[in-house]
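One structure below.
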Amino acid sequence: MNFNKLSFGSTIGIIGGGQLGKMMAQSAQKMGFKIIVLDPDENCPCQHVAHQFINANYDDEQSLVQLGELSDVITYEFENISENQLQTLVSQYNIPQGYQAIQLLQDRLIEKQTLQKAGTQVAPFVKLSDTDSLSQAVENIGFPFMVKTRFGGYDGKGQALITNEADLDNAKTLINKQECVAEKFLELQKEVSLTVTIGNDNQITYFPLQENEHQNQILFKTVVPARVEPQIEQMARKEVEKIIKHIHFVGTFTVEFFIDTSNQLYVNEIAPRPHNSGHYSIEACDYSQFDTHILAVTGHRLPEKIELLKPSVMMNLLGRDLDLLEHKFDAHPEWHVHIYGKISRKPDRKMGHLTMLTNHVEQTEQTLLNHFEGRHG
Ligand code: ADP
Ligand code: MG
């Protein structure tokens with residue numbers, strides 16, 4: 001799709017005002033764009049850095065139209081928006097990302113089917129339309145497997161690990177809420193992700209491969225460059241090339257991968273927006289994932305290549321880490337600290353992140369572990 005280049009001073013509307021919206025806005029403002037954000041939370045992080053704030057639910061039609069009328073282009077910070085409403089907006093306003101990526105990626109079942117169709121390797125899965133279909137999961141996949149709700153999960157929410165018959169009750173609890181998918185639980189050697197931006201005229205820009213460590217299914221830290229054999233990065237790019245033949249993207253998106261103990265690469269999931277594992281790029285790269293996203297949706301050329309200026313370690317700051325951080329912050333000017341400005345501090349809620357640029361990655365990881373030891377204990 002070709003669309004107009006937006007001149008500086010134009011207005012970008014963002015659906016969703018969490019940390020991703022906030023960091024998009026900060027990049028956009030650096031380039032002279034104005035921001036209007038729509039979010040149901042009157043204290044959402046982005047509203048403090050937006051020119052205008054529409055405090056409304058994501059499915060409030062009138063407010064979405066208002067956003068459309070006031071914006072020269074609309075983007076979004078997450079995938080859980082109504083596909084139908086987005087489709088209507090796309091027909092009326094400038095939304096270069098379209099609605100297809102949302103349609104295909106907000107439902108884990110359709111996402112996996114699309115990935116299969118695209119010819120990428122995904123973990124074996126079955127659809128769970130009711131509790132009876134669990135027997136198929138046991139038969140076709142076998143223990144252990146993960147049960148994940150089709151819609152709305154994030155940071156491990158809406159998921160259960162099923163290791164034996166006794167765990168099946170946990171699966172049933174999820175299925176009674178909504179349809180799910182069961183997916184083979186892989187023995188992981190490593191998790192990596194690849195952040196990509198697609199611009200006007202299908203220009204593709206890759207960020208370096210990111211190595212991710214999760215704790216309790218929440219991203220704990222990202223190390224860049226990923227410590228894997230160099231061919232893994234090429235394999236990951238090949239998987240992305242297959243995916244983009246089936247899904248139309250404009251802007252920044254991230255593909256999450258599993259590497260199992262036999263060195264097999266599996267696509268886990270795709271986020272059609274900037275992603276937590278790309279946050280290091282703000283300080284560690286010559287363009288951040290938010291910069292390239294804004295360039296793409298405003299119709300500007302992307303840099304040919306993203307330079308990693310220095311290896312880096314990014315660690316998420318959850319609610320439970322903030323007290324510790326406040327004590328240690330002053331002693332560590334080398335920590336690039338981002339605090340999102342969320343009012344309610346819950347132990348597992350992402351409240352911020354910190355990035356360290358380092359030539360001694362292992363040492364830096366150890367230092368961070370020493371400071372935040374037992375954070376999830
Ligand atoms: P979310 O939308 O919450 O990010 P994911 O499907 O990416 O959901 O799961 C979160 C994390 O849980 C993964 O990054 C991984 O650490 C773990 N996980 C999920 N599915 C599997 C699986 N099939 N095998 C092994 N680990 C898994
Ligand atoms: Mg994930």
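For the single chain, residues carry numbers from 1 onward in sequence order. Read the numbers this way: they start at 1 and go in the same order the structure lists the ligands and their atoms.
Looking at Gln215 against ligand 1, nothing comes within 4.0 Å, counting heavy atoms. Contact annotation: for Asn268 versus ligand 1, heavy atoms closer than 4.0 Å belong to the side chain alone. Residue-level proximity to ligand 1 for Leu219 is absent, since no heavy atom of it falls below 4.0 angstrom.
Taking CG of Asn212 as the start and OG1 of Thr222 as the end, the distance is 4.0 Å to the nearest 0.5 Å. In this structure, CD on Glu213 lies 11.5 Å from CG on Asn316, to the nearest 0.5 angstrom. Atom-to-atom distance recorded for Met356:CE and Glu283:CD is 12.0 Å, nearest 0.5 angstrom. The distance from atom CZ of Phe145 to atom CG of Asn140, rounded to the nearest 0.5 Å, is 10.5 Å. Atoms CD and CE, on Gln121 and Met235 in that order, are 8.5 Å from each other to the nearest 0.5 Å. The CG atom of Leu105 sits 11.5 Å away from the NZ atom of Lys112 when rounded to the nearest 0.5 Å.
Under a 4.0 Å heavy-atom criterion, Glu187 is not in contact with ligand 1. In this structure, Gly156 is part of the shell of residues with a heavy atom less than 4.0 angstrom from ligand 1. Ligand 1 does not have Phe145 within reach: every non-hydrogen atom of the residue lies 4.0 Å or more from it.
In summary, the aromatic rings of Tyr340 and His353 are positioned with their centroids under 6.0 Å apart. In this structure, Phe78 has its ring center closer than 6.0 angstrom to the ring center of Tyr58.
The nearest protein atom to atom 2 (O) of ligand 1, hydrogens excluded, is given as Arg108 NH2, 2.9 Å; this is a heavy-atom distance. If you check which protein heavy atom lies closest to atom 1 (P) of ligand 1, you get Glu269 OE2, 3.4 Å. Regarding atom 26 (N) of ligand 1, its nearest protein heavy-atom neighbour is Phe185 CE1, 3.5 Å. If you check which protein heavy atom lies closest to atom 23 (N) of ligand 1, you get Glu183 OE2, 2.6 Å. Gln159 NE2, 2.8 Å is the protein heavy atom nearest to atom 8 (O) of ligand 1. Among all protein heavy atoms, the one lying closest to atom 14 (O) of ligand 1 is Glu191 OE1, 2.6 Å. In terms of protein heavy-atom proximity, atom 10 (C) of ligand 1 is nearest to Gln217 O, 3.9 Å. The protein atom (non-hydrogen) at minimum distance from atom 24 (N) of ligand 1 is Leu186 N, 3.0 Å.
In the hydrophobic clustering of ILVMFWY residues, with side-chain heavy atoms under 4.5 Å counting as a link, Phe220 and Leu322 come out together.
Note on Asp41 versus Lys342: no salt bridge recorded, every NZ/NE/NH1/NH2 to OD/OE distance being 4.0 Å or above.
Within the structure, the side-chain hydrogen bond (donor to acceptor under 3.5 Å, both in side chains) test picks out the following pairs touching residues 166-181 (sequence neighbours left out): Arg150-Glu179, Thr163-Asp167.
Near His214, meaning under 4.0 Å from one of its heavy atoms, ligand 1 places the atoms 14 (O), 16 (O). Atoms of ligand 1 lying under 4.0 Å from any heavy atom of Leu188, numbered from 1 in the order shown and given with element: 25 (C), 26 (N). In the vicinity of Asp155, heavy-atom distances shorter than 4.0 Å reach the ligand 1 atoms 1 (P), 3 (O).
Contact of the His279 side chain with the Phe290 side chain is registered, since non-hydrogen atoms from C-beta on lie closer than 4.5 Å. Side-chain contact check for Tyr280 versus Leu308: some heavy-atom pair is nearer than 4.5 Å.
With 3.5 Å as the limit, one finds no donor-acceptor pair spanning the side chains of Tyr287 and Glu307. Between the side chains of Gln106 and Glu79, no donor N or O sits under 3.5 Å from an acceptor N or O.
Nearest-residue assignment for atom 19 (C) of ligand 1 (options Lys184, Lys148, Lys157, Glu111; heavy-atom criterion): Lys148.
Residue Glu256 has at least one N or O atom closer than 3.5 Å to an N or O atom of ligand 1. Of the N or O atoms in Phe258, none lie within a sub-3.5 Å distance of an N or O in ligand 1.
Of the residues listed (Ile102, Val297, Ile74), the one engaging Gln97 in a side-chain contact (heavy atoms from CB on, under 4.5 Å) is Val297, and it is the only one.
Counting only protein N, O or S atoms, the number found under 2.8 Å from the Mg ion (ligand 2) is 3.
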